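I am attaching a structure below and will ask some questions about it afterwards.
What you are looking at is a predicted structure, and each value in this text was computed from that prediction instead of being measured.
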Amino acid sequence: MSELTVWFDGSCPLCRREIALMRRLDRRGVIRFVDVDQAESATCPLDRGELLDRFHASENGRLLSGAEAFAAMWRAIPILRPLGLAFRGPFASALLERFYRAFLRARPSLQKFAHRLERP
């Protein structure tokens, strides 16, 4: 069983929703989810700004970011494991990273939209 820690942006409505789903799917409780906004700096491998710029995870002590971090998280969740394994190879990982970078460009607009949906 691998040790997996995932750092996420707790102030981002998109991130909160995604992590809430991942927590529900992680029925074995093998992933340690850390809200960067709530974490003590000693528990973070990078400074807060770097952790908020991209998605990060640590799998067995190896720090991953972007597509690699998502694939590691998916591998830890049985129902998503096939997806995580599919994106483990260099070609598939590079393709996922490309999609992730496109998402990062759209993220500010998506966050604004999600914030509006959260308001009563």
Quick one: CZ on R54 to CG on L64, what's the gap to the nearest 0.5 Å?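 So the CZ of R54 and the CG of L64 are separated by 10.5 Å.
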
Nearest heavy-atom neighbours spanning E50 and H56: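 Smallest heavy-atom distance, with atoms named: O-CE1, 3.1 Å.
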
From CZ (R32) to CD (E3), nearest 0.5 Å: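 Reported to 0.5 Å precision, the distance equals 10.0 Å.
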
What class does the angle between the rings of F8 and F33 fall in, given that below 30° is parallel, 30 to 60° is tilted and above 60° is perpendicular?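 Plane angle over 60°, so perpendicular.
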
Could you state the interatomic distance from CG (D37) to CG (L52), rounded to the nearest 0.5 Å?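 Atom-to-atom, D37:CG and L52:CG are 6.5 Å apart.
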
pair P78-R28: side-chain heavy atoms closer than 4.5 Å: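 They are in side-chain contact.
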
Would a single hydrophobic cluster contain both F87 and F99, if residues Ile, Leu, Val, Met, Phe, Trp and Tyr are joined by side-chain heavy-atom contacts under 4.5 Å?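 They do not share one cluster, since no chain of ILVMFWY contacts under 4.5 Å joins F99 to F87.
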
With a cut-off of 6.0 Å (strictly less than), are more than 12 heavy atoms of other residues, nucleotides or ligands near CZ of R23?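 For R23, atom CZ is crowded (more than 12 foreign heavy atoms under 6.0 Å).
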
Minimum-distance pair of heavy atoms, taken over all atoms of F55 and A69: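 Heavy-atom minimum between the residues: CD2-CB, 3.5 Å.
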
Hey, are the side chains of I31 and I77 touching, using non-hydrogen atoms and a 4.5 Å cut-off?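 With C-beta onward as the side chain, the pair touches.
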
In one Ile/Leu/Val/Met/Phe/Trp/Tyr side-chain cluster, 4.5 Å: M22, I79: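 Yes; tracing contacts between hydrophobic side chains, which count when under 4.5 Å, links both residues.
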
Where is the tightest heavy-atom contact between Q111 and P13, given as atom of each residue plus distance?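 In terms of heavy atoms, the two residues are closest at O-CG, 3.9 Å.
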
Can you name the closest pair of heavy atoms from A57 and L4 and give their distance?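 Looking at all heavy atoms of both residues, the shortest contact is CB-CD1, 4.1 Å.
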
Step through the shown structure and confirm whether more than 12 heavy atoms of other residues, nucleotides or ligands are within 6.0 Å of CZ on F103.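 For F103, atom CZ is crowded (more than 12 foreign heavy atoms under 6.0 Å).
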
Mind listing the closest non-hydrogen atom pair of D9 and C15 along with its distance?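 So the two residues come closest at O-CB, 3.3 Å.
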
When rounded to the nearest 0.5 angstrom, what is the spacing between CG in L21 and CG in D26?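 Spacing of CG (L21) from CG (D26) equals 11.0 Å.
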
Applying the 4.5 Å side-chain criterion to the ILVMFWY set and letting contacts propagate, would L83 and L95 be lumped into a single cluster?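 No, because L83 and L95 fall into different hydrophobic clusters, even though each may have its own neighbours under 4.5 Å.
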
Keeping R16 on the side-chain end and G10 on the backbone end, is there a donor-acceptor pair under 3.5 Å?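 The answer is yes, because a donor-acceptor pair under 3.5 Å joins these two groups.
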
Tell me the closest heavy-atom pair linking L25 and L80, and the distance in Å.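 Where L25 meets L80 most closely, the heavy atoms are CD1-CD1, 4.0 Å.
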
Are L96 and L110 in one and the same hydrophobic cluster, where Ile, Leu, Val, Met, Phe, Trp and Tyr link if side-chain heavy atoms are under 4.5 Å apart?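 Looking at the clustering, L110 is in the same group as L96.
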
What's the spacing between W74 CH2 and F70 CZ if we round to 0.5 Å?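 Spacing of CH2 (W74) from CZ (F70) equals 6.5 Å.
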
